[in-house]
Amino acid sequence: MGKALDGVRILDFTHVQSGPTCTQLLAWFGADVIKVERPGVGDITRGQLRDVPNADSLYFTMLNHNKRSITIDSKHPEGKKLLEELIVSCDVMVENFAPGALDRMGFTWERVQELNPRMIMASVKGFGPGPYEDCKVYENVAQCAGGSASTTGFDDGPPLVTGAQIGDSGTGLHLALGIVAAIHQRTTTGRGQRVMAAMQDGVLNLCRVKLRDQQRLAHGPLKEFPQYPHGKFGDVVPRAANASGGGQPGSILKCKGWETDPNAYIYFITQAPVWKEICNVIGKPEWITDPEYAKPDARLPHLKEIFATIEAWTMTKTKFEAMAILNEYDIPCGPILSMKELAEEQSLRDTGTVVEVDHPTRGKYLSVGNPIKMSDSPTEVTRSPLLGEHTDEILRDVLKFDEGRISALKASGALTAPARSAAE
Ligand SMILES: CC(C)(COP(=O)(O)OP(=O)(O)OC[C@H]1O[C@@H](n2cnc3c(N)ncnc32)[C@H](O)[C@@H]1OP(=O)(O)O)[C@@H](O)C(=O)NCCC(=O)NCCS
């Protein structure tokens, strides 16, 4: 079956996480992704957090499925020429080098446009134009600079980063959307364009509701926050612990076994339309008509007591038992699932959201597949490439080099690591 991005060729100059997540998604949609890597070394993540000796790490393999790898020394004159030819042959170029690195290689946006006016040149950077534009940025820096850390955690504790990689994978997602939109626009304009996604901007976009709350503060306390009514509000959005952040109050509550199992918890939302059912389930039918509890606004000052009462009930059930009972009444809730539980969840295997992939040097491993499902563009997850695995194939099939040219290029040293001096 065909794929949504069949015929789109991507020059993938990305490394670490943010850029690779973007190009992996595009590969899953059918794009031919050619990952350019530094000879001898490759993407630094190949060797980071290694669990199996001499094999590509899970860090690398889980972010680079369905791609081809070519090694090119971009600082070698012949390597530069080769990259220019690839720029002419590709539709999209994606990179997430530190600010200025691509310009230093000689591939400014102006130069890329000269080479290929249809080129869509997409970049992830830590920050957009402004005081921090020259900074190198990693995930947690973006979470801090984008407003996530200041709004995550408990009121009496320090700012917290979240396990979800909203700075890296989140920005990769934003960039992928920009690229797809640019491909669509090119069908009418015939021109490529520059697509930029700054990690600070991506995180802030995902923290949009917190900027909402910042402005609501000017009109009084945030009544759904745990600080209300007993705590104090200053002039910045405080950390909301596990409060829901939406119009329906929610909290994480202990379940049976919480004393020993760090994930024996459930998220419980006291959604207004099912208040009657909630009261009946937890054994508080009198709250259905009591004016102090009957209406959402009346309940706000009592949320602490309400959740404590609900928790006294959830603690008598496992998270799955509680989930089953609450679902019968359409009460929104969710178990706190561990990575182990997610890895073992059959329904996620059935949909391809969790997939088992085989790899020649590391064997079988689990990965997250494409979370976006399309009826006419199915995803088959194939393993990540070995370093330079497709170098010859790309030179032959994409650039149409003959064997003589390939040999000459190899002899030039542009495809291999520069020899190291004894002093290094
Ligand atoms: C992630 C980041 C901090 C890593 O920094 P880093 O490891 O120092 O890597 P850089 O991006 O600075 O690139 C390093 C160098 O490798 C060089 N390089 C990359 N590919 C090469 C190749 N194929 N051949 C030769 N040199 C190559 C670059 O030219 C650059 O050299 P220069 O600094 O001499 O010009 C940085 O790339 C960054 O801030 N990126 C943007 C934001 C981002 O995506 N962050 C999240 C990453 S998950």
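Start at 1 and go down the list; that is how both ligands and their atoms are numbered. Atoms considered below: every heavy atom in the structure, side chains included; atoms not considered: hydrogens, waters and symmetry mates. It should be emphasised that the depicted structure is a prediction, and the values quoted were computed from it without experimental measurement.
- Residue contact annotation: M199 has a non-hydrogen atom under 4.0 Å from ligand 1.
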Practice task
Kindly determine whether R212 and V209 satisfy side-chain contact (heavy atoms from CB on, under 4.5 Å), including the steps that lead there.
Solution key: CA-CA 5 Å; R212 171 199 70 192; V209 298; 3.7 Å; yes

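- Proximity of a side-chain donor or acceptor of N66 to a complementary backbone N or O of T382 within less than 3.5 Å is detected.
- At least one heavy atom of E37 sits less than 4.0 Å from an atom of ligand 1.
- Under a 4.0 Å N-O distance rule, the pair E224/R299 does not qualify as a salt bridge.
- Using a 4.5 Å heavy-atom threshold, the side chains of R104 and F97 count as separate.
- Counting only heavy atoms of the protein, atom 11 (O) of ligand 1 lies nearest to A98 N, 2.7 Å.
- For the pair M62/S367, a side-chain contact is recorded, criterion being any heavy-atom separation below 4.5 Å from C-beta on.
- Atoms of ligand 1 lying under 4.0 Å from at least one heavy atom of H15, given by number and element, are 4 (C), 9 (O), 11 (O), 37 (O).
- Between H65 and Y365, the ring planes are parallel. Angles under 30° get that label, and only those over 60° would be called perpendicular.
- Among the atoms of M105, none of the N or O lies under 3.5 angstrom from an N or O of ligand 1.
- Looking from atom 13 (O) of ligand 1 to the surrounding protein, the closest heavy atom is F97 CD2, 4.0 Å.
- Proximity of K125 to E95: side-chain heavy atoms (C-beta onward) are separated by under 4.5 Å at one or more points.
- Against a heavy-atom cut-off of under 4.0 Å, Q17 is close to the following atoms of ligand 1: 48 (S).
- Of all protein heavy atoms, the one lying nearest to atom 40 (N) of ligand 1 is N96 O, 2.9 Å.
- The protein atom (non-hydrogen) at minimum distance from atom 16 (O) of ligand 1 is R38 NH2, 2.6 Å.
- At least one N or O atom of V137, backbone or side chain, sits closer than 3.5 Å to an N or O atom of ligand 1.
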Could you go through residues 235-249 and list every donor-acceptor pair under 3.5 Å that involves a side-chain atom there, pairing it with any protein atom two or more places apart or in another chain?
residue, atom, partner, partner atom, Å
R239, NE, G157, O, 3.3
R239, NH1, S150, O, 3.2
R239, NH2, G157, O, 3.0
S244, OG, G246, N, 3.0
S244, OG, Q248, O, 2.7
Q248, OE1, A272, N, 3.0

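- Using a 4.0 Å heavy-atom cutoff, S18 is listed among the residues neighbouring ligand 1.
- Short contacts between ligand 1 and G126, defined as distances under 4.0 Å to a heavy atom of the residue, involve ligand atoms 42 (C).
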Practice task
Kindly determine whether L399 and R405 satisfy side-chain contact (heavy atoms from CB on, under 4.5 Å), including the steps that lead there.
Solution key: CA-CA 11 Å; L399 296 178; R405 200 154 168 214; over 6 Å; no

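- For atom 6 (P) of ligand 1, the closest non-hydrogen atom of the protein is K136 NZ, 3.7 Å.
- Taking every non-hydrogen atom of Y138 and a distance limit under 4.0 Å, the qualifying atoms of ligand 1 come out as 1 (C), 3 (C), 4 (C).
- Interface of D73 with ligand 1, defined as ligand atoms under 4.0 Å from a residue heavy atom, comprises 24 (N), 25 (C).
- Under the side-chain contact (heavy atoms from CB on, under 4.5 Å) criterion, D51 pairs with L58, R362, not counting sequence neighbours.
- When hydrogens are left out, the protein atom nearest atom 33 (O) of ligand 1 is R104 NH2, 3.1 Å; that is the closest non-hydrogen contact.
- The protein heavy atom nearest to atom 27 (C) of ligand 1 is S74 OG, 3.5 Å.
- Of all atoms in ligand 1, numbered sequentially from 1 with element shown, those under 4.0 Å from a heavy atom of V124 are 41 (C), 44 (O).
- Distances between N or O atoms of K75 and those of ligand 1 include at least one value under 3.5 Å.
- By the 4.5 Å heavy-atom criterion applied to side chains, E139 and I166 are counted as neighbours.
- Ligand 1 places these atoms under 4.0 Å from at least one heavy atom of V16: 47 (C), 48 (S).
- By the 4.0 Å N-to-carboxylate-O rule, E403 lies close enough to R396 to be salt-bridged with it.
- The side-chain heavy atoms of F29 and V8, taken from C-beta on, include no pair separated by under 4.5 Å.
- Atoms of ligand 1 lying under 4.0 Å from any heavy atom of I72, numbered from 1 in the order shown and given with element: 22 (C), 23 (N), 24 (N).
- Counting heavy atoms only, D168 comes closest to atom 47 (C) of ligand 1 of the residues L83, D168, L102, L175.
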